[in-house]
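Let me begin by presenting the structure, written as structure tokens, before commenting on it.
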Amino acid sequence: MSAVIVSNVIKRYGDVTALNNVSFEIAPGELFGLVGPDGAGKTTLFRVLTTLLVPDAGSATVLGRDVVRDLWEIRSRVGYMPGRFALYADLSVEENLSFFASVFGTSIKEGYDLIAPIYKQIEPFKDRRAGALSGGMKQKLALSCALVHRPELLLLDEPTTGVDAVSRREFWDLLATLRASGLTIIASTPYMDEAARCDRIALMQDGSLLALDTPAEVGLRFPRPLFAVKSAKRAELLAALRGYPHAASVYPFGETVHFSDKRAPMSGEHVVQELTEYLRSQNLDDATITPIAAGIEDTFMELMGSKPSEVSLPGKAA
Amino acid sequence: MNVAHPNTTAGKAISANGLTRRFDSFVAVDHITFDVAAGEVFGFLGANGAGKTTAIRMLTGLLSPSDGQAMVGGFDVRSQTEQVRAHIGYMSQRFSLYDDLTVRENIRLYGGIYGLDDKAIKERGDAILQELAFTPSDKAMVASLPLGWKQKLAFSVALLHQPAVVFLDEPTGGVDPITRRQFWELIYHAAARGTTVFVTTHYLDEAEYCDRLSIMVDGKIGAIGTPSELKQQFAVTSLDDVFIRLVRATDAKGAA
Amino acid sequence: MSGKKSGAIVALGAFMLKEVRHLFRDKQTLSILLLLPIAQLLLFGFAVRTDIHSVRVAVVAPSPDFVTADLRTRFENSGRFALLPPVPTYDSLTALFRSGSLDVGVVLEPELASRLQSGEPAHVLVVADAIDPNTGTTMQNYAGAVVRDWQRALGTNAGGIVVDTRMRMRFNPTLESVNLFVPGLIALILTMVTALMTAISLSREKERGTFEVLLVSPLRPWQIILGKVLPYLVLAMANVASVLLAALLVFHVPFRGSITLLLCASTLFSMVGLALGVLIAAVTSSQLAAMLLALGGTMLPNTLLSGLIFPISSMPVPLQIVTNIVPARWFIEIVRGIMLKGIGIAELWQNLVVLGVMLAVLLTAAIRKTNVRLA
């Protein structure tokens, strides 16, 4: 039985369609990632799954129960961490945890072995006011509070936003441990490296699902061979690649630029050859071109559908 | 729109010397010394609680240093705070433009605050909208714009008065990958015109776009250099790994 | 760039323009801020009456005759008084005062007419209900004026007879204003602690984001609300206790009635305030709006329309009708009655019933409006 089934869900706020006919299923024990920018509909989706919002159309089942009819059964079985770590700043770490435990009719003691790997890291600070914790510690506390009642499903809305890289990595290590124990987890994230750690990911934009697959498969969806081009003269390289008549996609990726050629059946070597010649003609003699496997972000941008140099407005004003 | 700024200390747009800030007995920023060249894109990174925000507040004249000094745009942050503020721009993720004003109203507001006359406001406002290829309806509130557009617009508005240095605090949070890159192109254009860009971010892949960057740990600067220098120094292939190695090495106890 | 001085002024102007825009675009706050002063204006205009109308007067005339009838007629014809049916004895005045149906009593000596005819001085006693010392004095003066007119008329007719009037203030002989404001203070404090604090606390929880997490739990909305509300109830009762102690020990305000009844009534009134606070939080979307609505919707009517400062009987009739839905009006009567008049359930049961009904209505509305979901 699937842990979550979403069927043709539509949700509107006035004339904005936050969720546009979204459908997918999540298997039990899966670590499922929702990837997309603000406004993609991730938070709305979480709110529908946690029974906080009723869809305008379509249906959703969580742990075999309908989100509209069986809300109380769902609410006692899921752990929810909304964005911005909802914690009580003027209560201590321990007080926050015991409050959330008692609300679910349990206690810290009863839930301890499940939250131990996380809680142990902040237990030395258990008398400190939650408001005085650093971002990383608040995150761990919020996760503990969501887990202490042994939920069957964990919903985490942007749990690592605004937190530094070390804490993020630690957090996802914790999620991996939890998943190993059989817990189903849905987490949204803007970071591609975190998305890559999920079993499957859903790419969302403007209320629609662009893709849903394992991270590797999502990369494979990129329709053309991809190359990483590097040169010391970054700005010139970018301009040159954009000016290249056969360029299909040109996106900076840190020190390199990911490039793909429009001409599909052409062999990789041929592409490299022609590009090298072109770049030399643009005075970029030090340019190196390396074939690479496409990643989640490459596919995401491809699916988003903008042309590289066009600064177009998706939707709204004008 | 070229920015000519004679007001730099020996060609440095920002220079900090032993800059320190204490809160009672807690040393938030511990004698940091670094500088940023004019027209550089400088990444200012650090773990939460490492003192980043406090350091930026001192550089923007919002907080006075307990010790040491700093010059921004050629002005001393302690004794010439007003001039510092008049010559810098600021934009953060949390606050960029006023949601319940229209685009033009925001432009006019910031133009007015920085003392630009109506003609300059109109010209520069038009230039901004043109660069962004943006024609908002006159009545559209900023709140109705998608986040990516808000952020790009906010950045442009921060540059309206042609500051010597612009401070960007996590400017691309929550924005889609394409818009993020467009944003960084705007940053490059600004830097090419001579504006120094001082940016903090949690996206370490973006840190790669910087000319140089520094990483603060426990109030001190743990590492500083170009992205390649740092990767070589720590013998890793990504800035993410640089960051993690540095932070983990420094706080062995996992205190924060 | 423009010169420094004009730059500063231009910057100021730009900033002011922005603030004006913000103000006009926050419709909810704006409407409350515009309507509130108008409401205040109307209330002050109509409710504030330093002159008093419809003073309820009763004439005690053990031996009614044409002289006493003349006095009665004068009261009847004067625009300010509402004359009650004749009262036989001085003691029957007490019951009327206690039940709050009488403002001023005019007590005439027996055999007044014959005493006048025989040239002996005749005594007239004017007694006013001085629970509220300000209005008490005024009412007494009005009555005294009528009596003096009557006296003058008599004197002219009967050739220099003296009628000796004495004034006495009941329930508050020394006209202590503290006796006036202590009951009102209890009502105001209770309202503040219950309605205002509850509204703020609930809407702050929503703004903080923890409310979402609370909803996604086995907690039912009534548990959340009750959990928030009960501590304030306890706090409210603690406040009542401290105000009473201060009033009794420091200011020596009299306490003539049952303390148990007062505490029960205070609990009931507090619960009404709490229900109101919950309702306000449920219908507003921000902490600021909740606070403004709580202040405007509770504190304002409590001070102006509860009879605390301005007597209800002097307000225009439509406003008098409005005061019926102000909980504090009923509560203040209870407190004053218990503390200063020493009356009990027999006279106050109606007030308690009214408060009970208000509680039931507000509670039902609050529960209905409190959502089990975010939208």
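Every chain is numbered from 1, with letters handed out A, B, ... down the list of sequences.
Heavy-atom distances place no part of A/Ile122 under 4.5 Å from chain B, backbone and side chain included. Interface remark: B/Ser238 contributes no atoms to any contact with chain A (heavy atom separation under 4.5 Å). Contact annotation for B/Lys52: neither backbone nor side-chain heavy atoms come within less than 4.5 Å of a heavy atom of chain A. For a residue to count as touching a neighbouring chain, one of its non-hydrogen atoms must lie under 4.5 Å from one of that chain's; by this rule A/Ala235 does not touch chain B. Of the two parts of A/Glu255, the backbone and the side chain both hold a non-hydrogen atom closer than 4.5 Å to a non-hydrogen atom of chain B. Both the backbone and the side chain of B/Tyr209 have a heavy atom closer than 4.5 Å to some heavy atom of chain A. With a 4.5 Å cut-off on non-hydrogen atoms, B/Leu204 touches chain A through its side chain but not through its backbone.
Note on B/Leu239, B/Val175, B/Asp240: by heavy-atom pairs under 4.5 Å with chain A, the leading option is B/Asp240. Interface summary for chain B: among A/Arg168, A/Glu158, A/Arg169, the most heavy-atom pairs under 4.5 angstrom belong to A/Arg169.
Ring geometry, B/Tyr203 versus A/Tyr191: the interplanar angle falls from 30° to 60°, so the pair is classed tilted. Classification of the B/Phe183-B/Phe155 ring pair by plane angle, with boundaries at 30° and 60°, yields tilted.
Not counting sequence neighbours, the partners of B/Phe42 by the ring pair (Phe, Tyr, Trp, His ring centres under 6.0 Å) test are B/Phe34, B/Phe198. Residues satisfying the side chain to side chain donor-acceptor pair (under 3.5 Å) criterion with A/Asn20, sequence neighbours excluded, are absent altogether.
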task = Start with the C-alpha distance between B/Arg212 and B/Glu229, add both sets of side-chain angles, then the distance that settles salt bridge (charged side-chain N to carboxylate O under 4.0 Å, His left out), and finish with yes or no.
result = CA-CA 9 Å; B/Arg212 277 191 322 138; B/Glu229 280 168 8; over 6 Å; no
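In this structure, B/Arg108 is not positioned above the aromatic face of B/Tyr110 in the sense of NZ or CZ being under 6.0 Å from the six-membered ring centre and within 45° of the axis.
Within the 4.5 Å cutoff, side-chain heavy atoms of A/Asp298 are placed close to those of A/Phe253.
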